[in-house]
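Some notes on the structure that comes next.
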Amino acid sequence: MTEPPERDRLVRERAYRIWVDEGRPEGKDLEHWDRAKREVEEEFAMTEGHHELKQS
């Protein structure tokens, strides 16, 4: 499944911040990407769930 461009941008920015916050270590790019993707997906799920509750 292809990620929407906005979500992909958010994951990329989050992964970069994680990398910087951890002192810019080498070899952890996949770990940082996976963590960022999980965090962004959780935020989208919470926002979408909250939006659906408001519409009910």
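Being a predicted model, the structure only gives us computed values, none of them experimental.
Residues Phe44 and Trp33 fall within the same hydrophobic cluster, defined by Ile, Leu, Val, Met, Phe, Trp and Tyr side chains chained together at heavy-atom separations under 4.5 Å.
Shown here are the salt bridge (Lys or Arg N to Asp or Glu O under 4.0 Å) partners of Glu31, two or more places apart in sequence or in another chain: Lys28. Evaluation of the side chain to side chain contact (heavy atoms under 4.5 Å, CB included) rule for Asp29 yields no partner, not counting sequence neighbours. Among residues two or more places apart in sequence or in another chain, the salt bridge (Lys or Arg N to Asp or Glu O under 4.0 Å) test is passed with Arg12 by Asp8. Here Glu13 pairs with Arg9 under the salt bridge (Lys or Arg N to Asp or Glu O under 4.0 Å) rule; sequence neighbours left out. Under the rule for a side chain to side chain contact (heavy atoms under 4.5 Å, CB included), the partners of Glu43 that lie at least two apart in sequence or sit in another chain are Arg14.
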Step by step, work out the side chain to side chain contact (heavy atoms under 4.5 Å, CB included) result for Glu39 and Ile18.
CA-CA 11 Å; Glu39 290 176 5; Ile18 293 168; 4.2 Å; yes
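Through direct or indirect side-chain contacts shorter than 4.5 Å among Ile, Leu, Val, Met, Phe, Trp and Tyr, Trp19 is connected to Tyr16, Val20.
Residues His32 and Ala15 share a closest heavy-atom pair of O-CB, 3.9 Å.
Counting heavy atoms from C-beta on, the side chains of Arg35 and Arg38 come closer than 4.5 Å.
Residues Glu42 and Lys37 are not paired through a salt bridge, judged by the lack of any N-O separation under 4.0 Å between the basic side chain and the carboxylate.
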